[in-house]
Amino acid sequence: MSDTYLNPIPTVDVIIRIGDGIVLIRRKNPPHGWALPGGFMDVGETCETAAAREAKEETGLTVQLESLLNVYSDPRRDPRKHTMTVVYVATATGVPVGMDDAAEARIFLLNELPSPIVFDHRLIISDYERFISTGIRPAPVNGQD
């Protein structure tokens, strides 16, 4: 019997609200493009701790997590490997600065998003827009492709 497990990798992403906009980072590493701040969880971390850490590492911002938006686990969401992400909505003040593996961090209005947006982050942002306008979180996907 093999002790090798091929499980999805847990990650976190954060929708950081500042004023009327959200913070996106321009990635230094492939896949190149714009993304929500986030990344891989460390062993021994909670999702919440990982989200705050990743936000700080990539943007320099200290965030206040406000709510859980959803969990996204489509095996195709990340072209590098099968990941699942826990997405939080947070607020912050200040000016984001691209740090760590972020070449740049900027605030964008929802109707003026840059391109390309990588991973499934355009879907996540769309779900966020619906959430802030209706208060309803995305419904779970039925588990069928």
Side-chain angles (χ1 to χ4, degrees), residues 4-92 95-145:
T4 302
Y5 298 95
L6 301 176
N7 298 338
I9 308 295
T11 66
V12 292
D13 289 299
V14 188
I15 298 171
I16 304 171
R17 297 184 320 192
I18 297 180
D20 293 333
I22 63 170
V23 176
L24 296 177
I25 61 157
R26 187 170 53 80
R27 293 177 48 81
K28 283 184 188 175
N29 303 311
H32 295 286
W34 292 90
L36 295 166
F40 298 102
M41 292 178 62
D42 289 339
V43 172
E45 259 184 333
T46 65
C47 294
E48 296 81 6
T49 300
R53 175 185 54 76
E54 283 289 343
K56 182 77 166 177
E57 286 178 0
E58 293 187 343
T59 69
L61 298 169
T62 300
V63 298
Q64 177 66 42
L65 299 179
E66 292 189 334
S67 63
L68 172 69
L69 179 65
N70 202 10
V71 175
Y72 297 82
S73 60
D74 185 327
R76 299 163 296 207
R77 68 173 303 275
D78 186 332
R80 301 168 299 176
K81 59 181 94 174
H82 183 183
T83 63
M84 59 169 281
T85 190
V86 178
V87 181
Y88 291 94
V89 177
T91 57
V95 178
V97 176
M99 301 168 46
D100 194 35
D101 58 352
E104 181 180 2
R106 290 184 35 206
I107 301 168
F108 292 93
L109 297 175
L110 291 171
N111 63 350
E112 297 177 1
L113 297 175
S115 186
I117 295 180
V118 296
F119 307 118
D120 59 351
H121 291 187
R122 192 165 291 280
L123 167 66
I124 293 170
I125 294 167
S126 175
D127 286 347
Y128 166 72
E129 287 181 278
R130 194 168 29 262
F131 171 63
I132 61 172
S133 67
T134 67
I136 299 171
R137 286 181 178 74
V141 176
N142 192 0
Q144 298 179 17
D145 292 332

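Values below: all heavy atoms of this structure, side chains included; hydrogens, waters and symmetry mates excluded. Residue numbers run from 1 in the order of the sequence given.
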| message | We want to know whether Tyr72 and Asp13 form a side-chain donor-acceptor pair, criterion being a heavy-atom distance below 3.5 angstrom. | response | no
| Is Asp42 paired with Arg53 through a side-chain N to carboxylate O contact shorter than 4.0 Å? | yes
| Is a donor on one side and an acceptor on the other found under 3.5 Å between the side chain of Thr11 and the backbone of Met84? | yes
| CD/Glu129: more than 12 non-hydrogen atoms of other groups inside 6.0 Å | yes
| What's the shortest heavy-atom distance between Ile16 and Ala92, and which atoms? | CG2-CB, 3.7 Å
| Verdict with supporting geometry, Glu58 and Val97, side-chain contact (heavy atoms from CB on, under 4.5 Å) | CA-CA 8 Å; Glu58 293 187 343; Val97 176; over 6 Å; no
| query | For atom CG of Asp20, is the number of surrounding heavy atoms from other residues, nucleotides or ligands below 6.0 Å larger than 12? | reply | no
| request: Evaluate the side-chain proximity of Arg106 to Val23: yes if any heavy-atom separation is below 4.5 Å, no if none is. | output: no
| message | I'd like to know if the side chain of Thr85 and the backbone of Val87 have a donor-acceptor N/O pair within less than 3.5 Å. | response | no
| task | May I ask you to decide if Pro31's main-chain N or O and Arg27's side chain share a donor-acceptor pair within less than 3.5 Å? | result | yes
| task | Please answer whether the main-chain N or O of Leu61 pairs with a side-chain N or O of Thr59 as donor and acceptor at a distance below 3.5 Å. | result | yes
| said: Within the 4.5 Å heavy-atom criterion, are Leu110 and Tyr128 side-chain neighbours or not? | reply: yes
| task | Measure the spacing between CZ of Arg17 and CD1 of Ile132 and express it to the nearest 0.5 Å. | result | 7.0 Å
| query | Can you tell me how far CD1 of Ile136 sits from CG of Asp127, rounded to the nearest 0.5 angstrom? | reply | 12.0 Å
| CA sep, side-chain torsions, deciding dist, call: Asp74, Asp120, side-chain contact (heavy atoms from CB on, under 4.5 Å) | CA-CA 9 Å; Asp74 185 327; Asp120 59 351; 5.6 Å; no
| query | Between the side chain of Thr134 and the main-chain N/O of Arg130, is any donor-acceptor distance below 3.5 Å? | reply | yes
| Is there a donor-acceptor pair closer than 3.5 Å between any side-chain N or O of His82 and the backbone N or O of Ser73? | yes
| Minimal non-hydrogen separation, Ile107 against Gly21, with atom names | CG2-CA, 3.8 Å
| note | Note: Arg137 and Leu68 closest approach over all heavy atoms is NE-O, 2.5 Å
| task | May I ask you to test the Thr91-Ile18 pair for a side-chain heavy-atom distance under 4.5 Å? | result | no
| said: I need the minimum non-hydrogen distance between Leu24 and Leu113, along with the two atoms involved. | reply: CD1-CD2, 4.1 Å
| query | What's the spacing between Ile117 CD1 and Leu123 CG if we round to 0.5 Å? | reply | 11.5 Å
| query | Got a salt bridge between Lys56 and Glu54, using NZ or NE/NH1/NH2 to carboxylate O under 4.0 Å? | reply | no
| query | Has the side chain of His121 got a donor or acceptor atom that lies under 3.5 Å from a matching backbone atom of Leu36? | reply | yes
| query | Just wondering, do Val118 and Trp34 contact through their side chains at under 4.5 Å, heavy atoms? | reply | no
| Do the side chain of Asp100 and the main chain of Ala102 share a donor and acceptor less than 3.5 angstrom apart? | no
| query | Leu69 versus Tyr88: any side-chain heavy-atom pair under 4.5 Å? | reply | no
| field | Lys81 charged N/C atom sitting above Phe119 aromatic ring, 6.0 Å / 45° | value | no
| note | In terms of heavy-atom contacts, Val12 and Cys47 come closest through CG1-O, 3.6 Å
| field | Minimum-distance pair of heavy atoms, taken over all atoms of His32 and Lys28 | value | CE1-O, 2.8 Å
| task | Kindly compute the distance separating CD1 (Ile15) from CZ (Phe131), expressed to the nearest 0.5 Å. | result | 9.0 Å
